2 protein chains.
Amino acid sequence: MVSIKDVAAHAGVSPGTVSNVLNRPGKVAPATRERVEAAIRELGFVRHGSASTLRAGHSRTIGLSVIDIGNPFFTEVAAGVEDVASELGYAVILGNSAGSPDKEDRNLRVLAEHRVRGVLITPSGEDSGRLDRLREHGISVVLVDHPAHRPDQCAVAVDDVAGGRAAVAHLLARGARSVVCVTGPLTIRQCVERRDGARAALRGAGLDPAELRVVEAATMTARAGEKAAAELLAGALPEAVFCANDLLALGVLRALLRAGVRVPEDVALIGYDDIDFAAASTVSLSSMRQPTYQLGRIATELLLDECDNPDTHAHQHIMFQPELVARESTQ
Amino acid sequence: MVSIKDVAAHAGVSPGTVSNVLNRPGKVAPATRERVEAAIRELGFVRHGSASTLRAGHSRTIGLSVIDIGNPFFTEVAAGVEDVASELGYAVILGNSAGSPDKEDRNLRVLAEHRVRGVLITPSGEDSGRLDRLREHGISVVLVDHPAHRPDQCAVAVDDVAGGRAAVAHLLARGARSVVCVTGPLTIRQCVERRDGARAALRGAGLDPAELRVVEAATMTARAGEKAAAELLAGALPEAVFCANDLLALGVLRALLRAGVRVPEDVALIGYDDIDFAAASTVSLSSMRQPTYQLGRIATELLLDECDNPDTHAHQHIMFQPELVARESTQ
DNA sequence: CCCTGCTGGTGAAACGTTCTACCCATAGGG
DNA sequence: CCCTATGGGTAGAACGTTTCACCAGCAGGG
């Protein structure tokens with residue numbers, strides 16, 4: 001394994017100079033720089049990141065912790081994160097919490113051990129304690145798709161209450177009177193707020209929000225959506241269904257169609273996130289669009305700005321508004 | 001920032017003992033272990049991964065480099081990887097090459113600098129030189145969804161020629177005589193082999209393989225599929241279309257339906273990968289199913305076995321067979 | 001009572017960088 | 001001609017672990 005010392009010896013300079021060539025090439029005379037660079041190439045030297053992290057006290061790595069990497073919503077967020085990070089020379093360590101606080105904890109511990117520069121996280125619960133602990137260890141945290149826990153922190157979110165309200169308002173405007181909300185675990189903030197938005201829409205239409213039937217699925221996947229639909233099919237069908245995300249909605253859709261229920265004639269259906277596949281499904285799916293890729297990009301830009309310019313950095317709380325996309329499933 | 005020394009002082013032992021508590025708890029007397037663990041909790045100590053990597057010479061981290069993290073095929077592979085890795089206490093650094101060899105190179109360099117224990121990669125090209133260079137640096141490499149470059153290397157793959165052959169044989173058995181193959185970049189091995197399989201199927205049916213019209217899309221996404229379909233719609237329509245993956249197929253499907261072409265009555269359509277959304281699309285999509293999650297799991301198990309038991313490890317070349325899933329799009 | 005072996009523990013030397021203090025020319029200002 | 005500044009370089013001390021050699025005590029065998 002070739003180290004900076006070998007390079008130094010080979011180029012006839014001191015290790016310090018090699019380090020300068022690597023980190024501050026301007027500070028070293030062109031001729032010597034040439035020689036060092038040649039030595040690096042000839043010896044196939046590659047810098048030992050851990051050594052440099054150890055000495056420098058910080059690494060060029062950030063962590064990304066999401067709830068479900070199988071959900072296209074999060075992959076698109078991750079794509080935005082990755083693009084910005086790699087533009088600025090940062091590596092990304094990905095953690096998938098799969099909705100389990102335990103797993104999230106383990107992932108955060110790994111990130112802390114790696115002394116990542118910062119962490120982007122869509123928290124799966126409301127416990128901000130461990131995030132505060134990260135900050136105490138000098139690791140910046142930016143919340144993604146989640147409002148800020150505290151003022152001295154950046155966060156990029158989308159207004160989920162407004163989204164839920166708009167979705168259900170759309171169903172009501174279409175004439176539906178009985179609405180079911182198929183949600184994911186109510187430990188997830190997004191689910192709670194979208195449901196609350198749905199209730200607000202009922203209230204807005206002069207209906208009793210308590211009338212909203214809520215079916216809570218164990219996960220936010222298509223399979224869980226199918227199960228939830230089975231529960232609906234067991235009783236009297238509602239006129240409309242609002243799902244907390246598109247995966248659930250696609251599962252509900254599949255189960256309804258298989259049972260001979262027509263969408264939207266018998267039951268109208270709307271999802272949330274507007275993932276690519278929503279437009280391509282059997283009956284194309286109405287949904288609430290979010291600036292997903294931008295969410296990832298902007299969060300990463302904020303995080304890296306906070307890391308690289310700690311003095312000039314101003315914390316920001318950004319809140320996007322979702323947008324209704326009406327398709328066949330609510331025609 | 002609290003270090004192992006602070007813990008040692010607080011517990012009244014030497015740093016070496018703390019290290020033993022961390023890494024070989026059996027070697028230290030229960031009473032002292034208790035004391036050290038208490039100190040760790042009280043001080044909120046978290047081990048500095050870089051320091052331990054530096055000293056130990058290797059880290060508990062692996063790299064995963066995929067071609068397109070936006071493709072559900074790769075997310076499912078990643079899920080398999082992540083599950084095994086986290087079971088065994090490894091972290092995963094994710095790299096998305098987005099089909100660009102440059103980006104792949106940059107990602108591999110980052111992984112090399114991090115001194116990852118090993119790398120799982122679905123190579124985007126056929127150049128194995130940089131992978132060999134990784135091995136020279138003591139980083140094990142396991143190929144995912146790609147046959148081995150060399151005997152002293154593990155690889156987990158799926159028989160793409162057989163898959164292409166089965167897919168097109170299915171189209172032919174259904175009565176189609178003119179078949180178009182919509183493929184991704186022919187720099188990607190999977191695309192080449194699936195096309196070759198398609199040709200083999202034509203040969204097998206007594207047709208001229210040169211008759212297979214091949215449309216090469218720039219990327220393997222739904223959008224690229226739509227573009228490719230536009231090209232098809234400009235001329236005489238074939239009786240059947242075979243797409244190199246489901247994203248392309250979903251794009252082709254969308255464009256055909258929008259143009260008023262009936263699927264499968266006018267044109268039969270089959271994709272590849274059998275991602276979840278294939279079954280849920282407008283016209284449910286026939287596809288070739290692969291053991292995607294298993295691909296990730298097994299590759300990771302092989303890699304970590306190679307890392308943790310280098311002496312007993314036996315290199316394996318695993319080749320799965322894909323399975324035809326016939327749905328509406330080829331009824 | 002000496003020797004041997006075991007258990008539980010210590011001290012200090014690495015690992016490969018980065019960074020600070022320092023050095024030596026040479027150049028220019030007064 | 002001295003004094004200071006500057007550019008380009010060096011030496012060596014960190015950074016926080018792990019590991020290896022070593023040691024102290026103690027038990028048991030001869």
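Proteins come first, then strands; the chains are lettered A, B, ... in the order of their sequence lines, and each starts at number 1. Everything quoted here is computed from the prediction, not taken from an experiment.
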(message) Measure CZ/Arg24(A) against P/dG8(D) and give the value in whole Å, please.
(response) 15 Å
(request) Return the 5'-most residue of the pair Leu54(B), Val28(B) with respect to DNA chain C, ranking by each residue's nearest nucleotide. (result) Val28(B)
(request) Take the angle between the ring planes of His315(B) and His313(B) and call it parallel below 30°, perpendicular above 60°, tilted in between. (result) perpendicular
(request) Report yes if some heavy atom in the side chain of Val141(B) is under 4.5 Å from a heavy atom in the side chain of His149(B); otherwise report no. (result) no
(request) Check whether any side-chain heavy atom of Glu113(B) lies under 4.5 Å from a side-chain heavy atom of Ser59(A), and answer yes or no. (result) no
(request) Quickly work out the Arg55(A) CZ to dT17(D) P distance and round it to whole Å. (result) 15 Å
(request) State, with a plain yes or no, whether a side-chain heavy atom of Ile93(B) is found less than 4.5 Å away from one of Val92(A). (result) no
(request) Take the C1' atoms of the five end pairs on each side of the helix from dC1(C)-dG30(D) to dG30(C)-dC1(D), derive the two axes, and give their angle rounded to 10 degrees. (result) 50°
(message) Please list, in numerical order, the residues of residues 1-21 of chain A that have a heavy atom closer than 4.0 Å to any atom of DNA chain D.
(response) Val13(A), Ser14(A), Thr17(A)
(message) To the closest 0.5 Å, what do you measure between CE (Met1(B)) and CZ (Phe45(B))?
(response) 10.0 Å
(request) Starting at CD of Glu76(B), measure out to CG of Asn71(B) and round the result to the nearest 0.5 Å. (result) 10.5 Å
(message) Side chains of Arg47(A) and Ser52(A), heavy atoms from C-beta outward: is any pair under 4.5 Å?
(response) yes
(message) Short of 4.0 Å, heavy atom to strand atom, which residues of residues 304-312 of chain B count as contacting DNA chain C?
(response) none
(request) Classify the nucleic acid contact of Thr32(B) as base, sugar-phosphate or nothing, counting any heavy atom under 4.0 Å across all strands shown. (result) sugar-phosphate
(message) Filter on salt bridge (charged side-chain N to carboxylate O under 4.0 Å, His left out), then keep only pairs touching residues 29-40 of chain B, sequence neighbours left out; what's left?
(response) none
(request) Return the value, rounded to whole Å, for the distance between atom CG of Leu22(B) and atom C1' of dT19(D). (result) 14 Å
(message) I'd like to check Asp308(B) versus Arg117(B) (side-chain heavy atoms, cut-off strictly below 4.5 Å). Are they in contact?
(response) yes
(request) Provide, to the nearest angstrom, the distance between the CZ atom belonging to Arg35(A) and the C1' atom belonging to dG9(D). (result) 11 Å
(request) Evaluate the side-chain contact (heavy atoms from CB on, under 4.5 Å) criterion for residues Ile67(A) and Met220(A): first the C-alpha distance (whole Å), next the side-chain angles of each, then the deciding distance (0.1 Å), finally the verdict. (result) CA-CA 10 Å; Ile67(A) 293 179; Met220(A) 298 181 77; over 6 Å; no
(request) Would you give the length of the straight line joining atom NE2 of His114(A) to atom OG1 of Thr53(A), rounded to the nearest 0.5 angstrom? (result) 10.0 Å
(request) Using a 4.5 Å cut-off on heavy atoms from C-beta on, say whether the side chain of Thr300(B) contacts that of Leu88(B). (result) no
(message) Can a donor-acceptor pair be found, under 3.5 Å and without considering hydrogens, that links the side chain of Asp6(A) to the backbone of Ser3(A)?
(response) yes
(message) Under 4.0 Å, counting only non-hydrogen atoms across every strand here, what does Arg33(A) touch: a base, just sugar-phosphate, or nothing?
(response) nothing
(request) Walking along DNA chain C from 5' to 3', note the first and the last nucleotide with an atom under 4.0 Å from a heavy atom of chain B, and give both. (result) dG8(C) to dG16(C)
(message) If you take any heavy atom closer than 4.0 Å to DNA chain D, which residues from residues 39-51 of chain B end up in contact?
(response) Phe45(B), Arg47(B), His48(B), Ala51(B)
(message) Quick check: do Val116(B) and Ile139(B) have side-chain heavy atoms less than 4.5 Å from each other?
(response) yes
(request) For side-chain contact (heavy atoms from CB on, under 4.5 Å), just list the numbers for Asp132(A) and Arg150(A), CA-CA rounded to whole Å, side-chain angles, deciding distance to a tenth of an Å, and then say yes or no. (result) CA-CA 10 Å; Asp132(A) 292 343; Arg150(A) 38 194 289 171; 2.8 Å; yes
(message) Within this structure, what is the OG-NZ distance for the pair Ser19(B) and Lys27(B), rounded to the nearest 0.5 Å?
(response) 13.5 Å
